[in-house]
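Here's the structure we're looking at; comments come further down.
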Amino acid sequence: MSMQNAIKSITTTQISQKKGVEKITMLTAYDALMAKIFDGDVVWILVGDSLQMSFFGGQDTLSSTLDSMIYHTQAVCNGAKKSLIVCDLPFGSTTTSHLALQSAIRIYKETKAQAVKLEVGFEGIKSIKMLVENGIAVMAHIGLKPQFVRSEGGYKVQGKTQENIESLINLAQDIERSGAFSILLEGVRAEAAKQITQSVKIPIIGIGSGVDVDGQVLVWSDAFGFFEEFKPKFVRQYLKGAELLRQGVRKYVEDVKSGHFPSEQESY
């Protein structure tokens with residue numbers, strides 16, 4: 001039996017139970033085609049606002065809208081039937097706890113996502129509580145927060161000082177107490193990430209945060225070589241996707257120009 005057939009629909013409870021038992025795997029997806037390919041092989045698919053950069057070609061994630069996140073989440077839900085799907089709450093959609101709840105309710109009503117993700121500091125604890133109290137499963141995003149890139153003056157690695165590590169540990173514990181079922185930890189030094197992971201009972205999914213977390217997530221276009229502008233240090237490329245696709249495109253163009261496509265068998 002293949003992994004595709006063996007894995008049934010994943011729930012937030014099942015993911016929570018994997019902490020300390022097995023590593024959790026997550027990839028991003030933004031459309032039904034990719035979601036269907038990833039479905040079941042990774043337990044979790046994130047419809048990240050990273051789509052604004054890798055899919056739309058923007059300079060950062062800040063211009064992503066709630067409408068666009070819902071649209072792409074609908075597409076991913078059409079493609080993935082087994083993996084758990086979580087949708088990012090975009091910049092500007094969580095400025096108050098009431099707005100965060102309204103945004104999350106729209107996602108739950110208009111898509112089949114099982115959870116939402118929001119970038120938070122200590123000020124976001126109230127929003128997490130509000131969402132959880134209203135039946136919304138929450139993944140909190142801490143550490144390097146792309147939605148804060150302009151206010152923080154760039155993408156800055158976290159966990160470099162003991163004060164910062166202690167702050168992140170306290171934040172993670174507050175998030176756990178607020179009812180979130182998991183945390184995404186981005187851009188945190190490996191030793192600090194290990195301490196944060198050990199400080200809470202909920203799963204910590206890392207990106208650029210070392211190996212001693214409960215699982216990993218990568219943006220699919222980074223992992224499979226389709227995003228070529230730059231390769232972050234923490235990315236491992238498992239495929240030269242863009243190169244392979246260009247080869248296919250060039251072969252198609254060659255066959256059309258030479259008259260080799262379509263053949264008699266490919267014609268009515």
Side-chain angles (χ1 to χ4, degrees), residues 9-13 15-16 26-36 38-39 42-58 60-121 123-142 145-151 175 178-184 186 202 205 217 219-220:
S9 296
I10 304 296
T11 66
T12 55
T13 301
I15 286 181
S16 297
M26 175 190 272
L27 284 170
T28 67
Y30 317 121
D31 58 68
L33 180 63
M34 288 299 163
K36 189 172 183 178
F38 303 155
D39 191 29
V42 293
V43 298
W44 204 336
I45 293 175
L46 169 65
V47 188
D49 59 4
S50 53
L51 67 85
Q52 203 64 13
M53 297 173 71
S54 58
F55 187 90
F56 183 73
D60 54 39
T61 66
L62 303 188
S63 56
S64 183
T65 66
L66 186 59
D67 284 341
S68 70
M69 293 308 306
I70 288 172
Y71 171 82
H72 286 279
T73 302
Q74 289 171 339
V76 168
C77 290
N78 285 339
K81 307 302 180 185
K82 300 168 187 174
S83 301
L84 185 143
I85 297 167
V86 58
C87 173
D88 252 342
L89 284 165
F91 181 73
S93 68
T94 62
T95 51
T96 68
S97 56
H98 290 285
L99 180 59
L101 178 59
Q102 291 175 7
S103 301
I105 286 174
R106 272 200 65 194
I107 289 169
Y108 261 40
K109 282 190 171 184
E110 297 178 38
T111 79
K112 294 180 181 177
Q114 292 107 315
V116 300
K117 180 173 77 65
L118 65 159
E119 297 183 16
V120 295
E123 78 291 335
I125 298 300
K126 183 178 179 182
S127 292
I128 295 173
K129 289 180 178 178
M130 175 80 78
L131 296 183
V132 172
E133 287 168 0
N134 284 274
I136 308 291
V138 175
M139 178 185 214
H141 182 150
I142 66 173
K145 302 188 291 289
Q147 290 180 12
F148 290 70
V149 61
R150 295 183 192 173
S151 64
I175 287 168
S178 72
F181 78 98
S182 63
I183 294 172
L184 191 150
E186 179 168 1
I202 58 176
I205 309 301
V217 59
V219 173
W220 81 264

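The analysis underlying the following values was restricted to heavy atoms, covering all of them including side chains, and did not include hydrogens, waters or symmetry mates.
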Pairwise side-chain contact, I175 with I125, heavy-atom cut-off 4.5 Å (strictly under) | yes

State, with a plain yes or no, whether a side-chain heavy atom of M26 is found less than 4.5 Å away from one of V86.
->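 Yes; the side chains approach each other to less than 4.5 Å.
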
Using only atom types and a distance under 3.5 Å, with no angle test, would you say the side chain of [X] pairs donor to acceptor with the backbone of [Y]?
| X | Y | result |
| --- | --- | --- |
| S64 | P90 | no |
| T111 | I107 | yes |
| T28 | W220 | yes |

How many angstroms lie between [atom1] in [X] and [atom2] in [Y], if you round to the nearest 0.5 Å?
| X | Y | atom1 | atom2 | value |
| --- | --- | --- | --- | --- |
| E123 | T95 | CD | OG1 | 11.5 Å |
| D39 | I10 | CG | CD1 | 9.5 Å |
| E119 | D49 | CD | CG | 6.0 Å |
| I205 | L46 | CD1 | CG | 10.5 Å |
| Q102 | S97 | CD | OG | 10.0 Å |

Shortest non-hydrogen separation from [X] to [Y] and the atoms involved:
| X | Y | result |
| --- | --- | --- |
| A80 | I45 | CB-CD1, 3.8 Å |
| W44 | S83 | N-CB, 4.2 Å |
| V219 | S50 | CG2-OG, 4.0 Å |
| T11 | L84 | C-CD1, 3.4 Å |

State which residues pass salt bridge (charged side-chain N to carboxylate O under 4.0 Å, His left out) with D31; sequence neighbours excluded, sorted by chain then number.
-> none

Name each donor-acceptor pair under 3.5 Å that joins a side chain in residues 134-142 to protein atoms two or more places apart or in another chain, with its distance.
{"from": "N134", "atom 1": "ND2", "to": "M130", "atom 2": "O", "distance (Å)": "2.8"}
{"from": "H141", "atom 1": "ND1", "to": "K117", "atom 2": "NZ", "distance (Å)": "2.8"}
{"from": "H141", "atom 1": "NE2", "to": "L144", "atom 2": "O", "distance (Å)": "3.2"}
{"from": "H141", "atom 1": "NE2", "to": "E186", "atom 2": "OE1", "distance (Å)": "3.0"}

How would you list, by chain and number, every residue that makes a side-chain hydrogen bond (donor to acceptor under 3.5 Å, both in side chains) with T96, sequence neighbours excluded?
->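 With neighbours one apart ignored, the set is empty.
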
So which pairs with a foot in residues 90-104 pass salt bridge (charged side-chain N to carboxylate O under 4.0 Å, His left out), sequence neighbours left out?
->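 Salt bridge (charged side-chain N to carboxylate O under 4.0 Å, His left out) check on residues 90-104 returns no pairs.
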
Under the rule for side chain to side chain contact (heavy atoms under 4.5 Å, CB included), what residues qualify as partners of [X], not counting sequence neighbours?
| X | result |
| --- | --- |
| N78 | A32 |
| E133 | K129 |
| S103 | L66, L89, S93, L99 |

With a cut-off of 3.5 Å and sequence neighbours excluded, list every side-chain donor-acceptor pair involving residues 69-77.
{"from": "H72", "atom 1": "ND1", "to": "Y30", "atom 2": "O", "distance (Å)": "2.8"}
{"from": "T73", "atom 1": "OG1", "to": "M69", "atom 2": "O", "distance (Å)": "2.7"}
{"from": "Q74", "atom 1": "NE2", "to": "E110", "atom 2": "O", "distance (Å)": "3.0"}

